[in-house]
Structure formats: C-alpha cells, structure tokens
Amino acid sequence: MAVKGLGQIDQQYDGSKLRIGIIHARWNRVIIDALVKGAIERMRELGVKEENIIVETVPGSYELPWGTKRFVDRQKKMGEPLDAVIPIGVLIKGSTMHFEYISDSTTHALMKLQNQVQLPVIFGLLTCLTEEQAFARAGIDEGHTMHNHGEDWGAAAVEMSVKFGP
Ligand SMILES: O=Nc1c(NC[C@H](O)[C@H](O)[C@H](O)CO)[nH]c(=O)[nH]c1=O
C-alpha cells in the first residue's frame, strides 16, 4: 500500500446528492487539466452526478481565494448552492521569490475561507520546486511514479460534504 497520500479510503461515501464546485487556475494548464480530470473521475465514481460538478476558472493561483468566495456566493444566489469547493492551482518555483509569496498567501487565504463560506474548501494547490514534481503529482509523469492528487481532492470533497454537511 502507498506509504504517502490518501491510502485506503476509509469508506465509500455516497456523493449522489452533492453539488461540488471546482475552480482552477489556468497557469501550467496541462498539469491543471490532469488534476481536474482526476478530481472529476473520482467524484463520479463516488456517485456525484456530472451535472452537479460545476467548473469555473481564474487566471492564476493568486486569484483562487477571491474567485472561490465569489463562486460560492454566485452559486448560492442562483439557488444552486455548493456542498464543497475544490480550488486547484499549480505553482512551480521560478528564479524569484514569487512562488513563495503566492504559495504562502494563497494557502492561508484558502484555509481561512472555509469559515467565511462555511463549506469544505479542499486544498488543491500544488506547490512544486520542479515541473517534474508537478507532473508526478498529477499522475502524468513518464513512469507514473505517483497517483493523481486530484483524485484525493475529489474524494475529500465528497467525504467532508457527507460527514460534516448541514
Ligand atoms: O508565477 N507563477 C505562477 C502564477 N502566477 C500568476 C499569479 O497567480 C497571478 O495570476 C498573477 O500574479 C496576477 O495576479 N500562477 C500560478 O497559478 N502558477 C504559477 O506558477
């Protein structure tokens, strides 16, 4: 069994009554698309209906906190409230401190957002030092050395919604 990662799901939660949002950044798009696909596939396996998985995008990871808040508010206003939301972004270290500042500020903002929106906000931010690390965590590196972390995020969204929903 994998030492790291979600390992065994402790039980199959029924996602058939859930509506879950995914909001993803558009930087590092090939990796993003694999993560989003993994999250959707896992949620579909857990019974979440295709029409109840709503996908939105923002320019980059730094826009995820504000975009997520407005996304949740908009869905509520439309009468189609979300049970959980999965912000997804891929930050890859460059030659400046940009990576550190966005990673740290966005992580804290997403954590705090849960209390503001009173919903599970799943942590879907990959903060990688190299492209290889990012490809591996999206399950699309040469040797498929790791599972697609998007699957974990989809499973976490369903579990948190079912266990701790209203
Ligand atoms: O710089 N690298 C990255 C990045 N920068 C853009 C930033 O998130 C934001 O969109 C702009 O600063 C405008 O506010 N956004 C990412 O998602 N991944 C990166 O690796």
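We count ligands from 1, going down the list as the structure has it; atoms in each ligand are counted the same way.
- Between R74 and E56, at least one side-chain nitrogen of the basic residue sits less than 4.0 Å from a carboxylate oxygen of the acidic one, meeting the salt-bridge criterion.
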Derivation and outcome, salt bridge (Lys or Arg N to Asp or Glu O under 4.0 Å), residues E100 and K93: CA-CA 8 Å; E100 283 81 354; K93 173 84 179 131; 2.9 Å; yes

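- Atom 1 (O) of ligand 1 has H98 ND1, 3.1 Å as its closest protein atom, hydrogens excluded (heavy atom only).
- A salt bridge links D73 and K69; the closest N-O separation between the charged side-chain nitrogens and carboxylate oxygens is under 4.0 Å.
- Side-chain contact between V85 and I20 is absent, with no heavy-atom pair separated by less than 4.5 Å.
- Ion pairing between R29 and D33 holds under the 4.0 Å rule for side-chain N and carboxylate O.
- Distance alone, capped at 3.5 Å, places no donor-acceptor pair between the H24 side chain and the T57 backbone.
- For atom 20 (O) of ligand 1, the nearest protein heavy atom (residue, atom name, distance) is I92 N, 3.3 Å.
- Of the protein's non-hydrogen atoms, the one nearest atom 17 (O) of ligand 1 is S61 OG, 2.7 Å.
- In terms of polar-atom proximity, defined here as any N/O pair under 3.5 Å, A25 makes no such contact with ligand 1.
- Counting protein heavy atoms only, atom 2 (N) of ligand 1 is closest to W27 CZ3, 3.2 Å.
- Near Y62, with a cut-off below 4.0 Å to any heavy atom, the atoms of ligand 1 are 7 (C), 8 (O), 9 (C), 14 (O).
- For the residues V90, I102, L64, the heavy atom positioned nearest atom 18 (N) of ligand 1 is part of V90.
- When hydrogens are left out, the protein atom nearest atom 11 (C) of ligand 1 is E63 OE2, 4.1 Å; that is the closest non-hydrogen contact.
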